[in-house]
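Remarks on the structure that follows.
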Amino acid sequence: MKTKPTLEFADVQAIAAAAMAEALKNNWAVTIAVVDDGGHLLHLQRLDGAAPISAHIAPAKANTAALGRRESRIYEEMINGGRVSFLSAPELKGLLEGGVPIMKDGQCLGAVGVSGVKSSEDAQIARAGMAAIGL
């Protein structure tokens, strides 16, 4: 039987805090979501001023990144490149940049999804969160 690292509560808290610090440093009103490797929500925080819809989009981006084991941006690029069939992929709802998988030793531990500013800035916030646990 194989063993696999998993996110612990302390990891989720560290990711969320670092992501929130990055958003606040840049004065970005966003929602931050952290999910496990199955896309199940572990943390959701909508910062002051973030649009209500971002509380739906951030977890969707995180879910897509976790289930796909790749950044949600990849799906957006495929669709923009003409592969519109990905719009019908089951369970993939956050097909926009801003969902980043949390990978360690080739294994997906979960993902961070952010929504509220430019997609590249959403991804920047997600990566800042992951850096808090050394990934």
Side-chain angles (χ1 to χ4, degrees):
M1 182 174 290
K2 294 181 180 181
T3 58
K4 175 182 161 183
T6 60
L7 290 175
E8 296 180 342
F9 182 67
D11 299 322
V12 173
Q13 286 184 308
I15 291 166
M20 183 174 68
E22 180 72 11
L24 293 174
K25 176 181 86 174
N26 290 290
N27 200 29
W28 292 334
V30 298
T31 296
I32 300 161
V34 181
V35 301
D36 66 12
D37 61 336
H40 303 101
L41 190 61
L42 300 175
H43 173 87
L44 180 71
Q45 184 168 10
R46 191 175 111 201
L47 302 181
D48 292 342
I53 191 67
S54 67
H56 294 276
I57 296 171
K61 288 179 178 183
N63 181 278
T64 293
L67 294 178
R69 311 299 199 242
R70 63 184 70 175
E71 290 194 31
S72 56
R73 167 187 58 79
I74 302 299
Y75 296 104
E76 181 179 14
E77 289 171 356
M78 285 191 278
I79 292 163
N80 288 342
R83 292 197 65 197
V84 295
S85 60
F86 270 99
L87 291 171
S88 67
E91 299 303 317
L92 299 181
K93 301 171 191 143
L95 303 173
L96 303 166
E97 184 175 7
V100 181
I102 303 168
M103 304 294 292
K104 181 174 180 162
D105 300 328
Q107 297 289 320
C108 182
L109 311 182
V112 182
V114 180
S115 177
V117 287
K118 292 179 187 174
S119 291
S120 61
E121 295 166 346
D122 289 341
Q124 175 184 328
I125 295 166
R127 287 189 192 90
M130 291 169 26
I133 59 168
L135 300 176

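Everything numeric here is computed off the predicted structure, so don't read it as measured data.
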Under 4.5 Å between side-chain heavy atoms, counting indirect links through other Ile/Leu/Val/Met/Phe/Trp/Tyr residues: same cluster for [X] and [Y] or not?
X   : Y    : answer
L42 : M130 : yes
M20 : L135 : yes
V34 : L44  : no
V84 : I74  : yes

I need the minimum non-hydrogen distance between [X] and [Y], along with the two atoms involved.
X    : Y    : answer
A66  : A111 : N-CB, 3.7 Å
S54  : P59  : O-CD, 4.1 Å
A62  : V35  : O-CG2, 3.6 Å
G98  : A126 : O-CB, 4.2 Å
A128 : A18  : O-CB, 3.5 Å
S115 : A58  : CB-N, 3.7 Å

In the structure I gave you, are the side-chain heavy atoms of [X] and [Y] within less than 4.5 Å of one another anywhere?
X    : Y   : answer
M78  : S85 : no
D122 : I57 : no
Q124 : N26 : yes

Worksheet item: Under the side-chain hydrogen bond (donor to acceptor under 3.5 Å, both in side chains) rule, what pairs show up with a residue in residues 91-111, not counting sequence neighbours?
Response: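 Sorted result for residues 91-111: empty, none.
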
Worksheet entry | Step-by-step side chain to side chain contact (heavy atoms under 4.5 Å, CB included) determination, S119 to R73 | CA-CA 9 Å; S119 291; R73 167 187 58 79; over 6 Å; no

Distance from [X] atom [atom1] to [Y] atom [atom2], nearest 0.5 Å?
X    : Y   : atom1 : atom2 : result
L109 : D11 : CG    : CG    : 8.0 Å
E71  : E77 : CD    : CD    : 9.0 Å
R70  : Y75 : CZ    : OH    : 4.5 Å
L67  : H40 : CG    : NE2   : 8.0 Å

Worksheet item: Near E8 CD, under 6.0 Å, is it more than 12 heavy atoms from other residues, nucleotides or ligands?
Response: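 No, the 6.0 Å shell around CD holds no more than 12 heavy atoms from other groups.
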
Worksheet item: More than 12 foreign heavy atoms under 6.0 Å from CG of N80: is that the case here?
Response: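 It does: N80 CG has more than 12 such atoms within range.
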
Discussion item. If we check side chain to side chain contact (heavy atoms under 4.5 Å, CB included) with I125, which of these qualifies: L24, V112, V114, V100?
Written reply: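 Result: among L24, V112, V114, V100, V114 is the only option passing the side chain to side chain contact (heavy atoms under 4.5 Å, CB included) with I125.
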
Fill in: Test: E76 and K61 ion pair at under 4.0 Å
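K61 and E76: not salt-bridged.
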
Practice prompt. Let me see the working for I102 and I133 under side chain to side chain contact (heavy atoms under 4.5 Å, CB included), right down to the final yes or no.
Written response: CA-CA 10 Å; I102 303 168; I133 59 168; 4.2 Å; yes

Practice prompt. Take K4 and D37 through the test side chain to side chain contact (heavy atoms under 4.5 Å, CB included) and record every step on the way to the result.
Written response: CA-CA 11 Å; K4 175 182 161 183; D37 61 336; 2.5 Å; yes

Practice prompt. Would you check if the side chain of D36 reaches a backbone N or O of G110 as a donor-acceptor pair within less than 3.5 Å?
Written response: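 No; judged by distance alone, with no hydrogens or angles, the pair does not exist.
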
Item to complete: Answer yes or no: is there a donor N or O on one side and an acceptor on the other, between the side chain of S72 and the main chain of L96, under 3.5 Å?
Response: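 Yes; at least one donor-acceptor contact below 3.5 Å.
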
Worksheet item: L95 and L87: side chain to side chain contact (heavy atoms under 4.5 Å, CB included), yes or no, with the steps?
Response: CA-CA 8 Å; L95 303 173; L87 291 171; 4.1 Å; yes

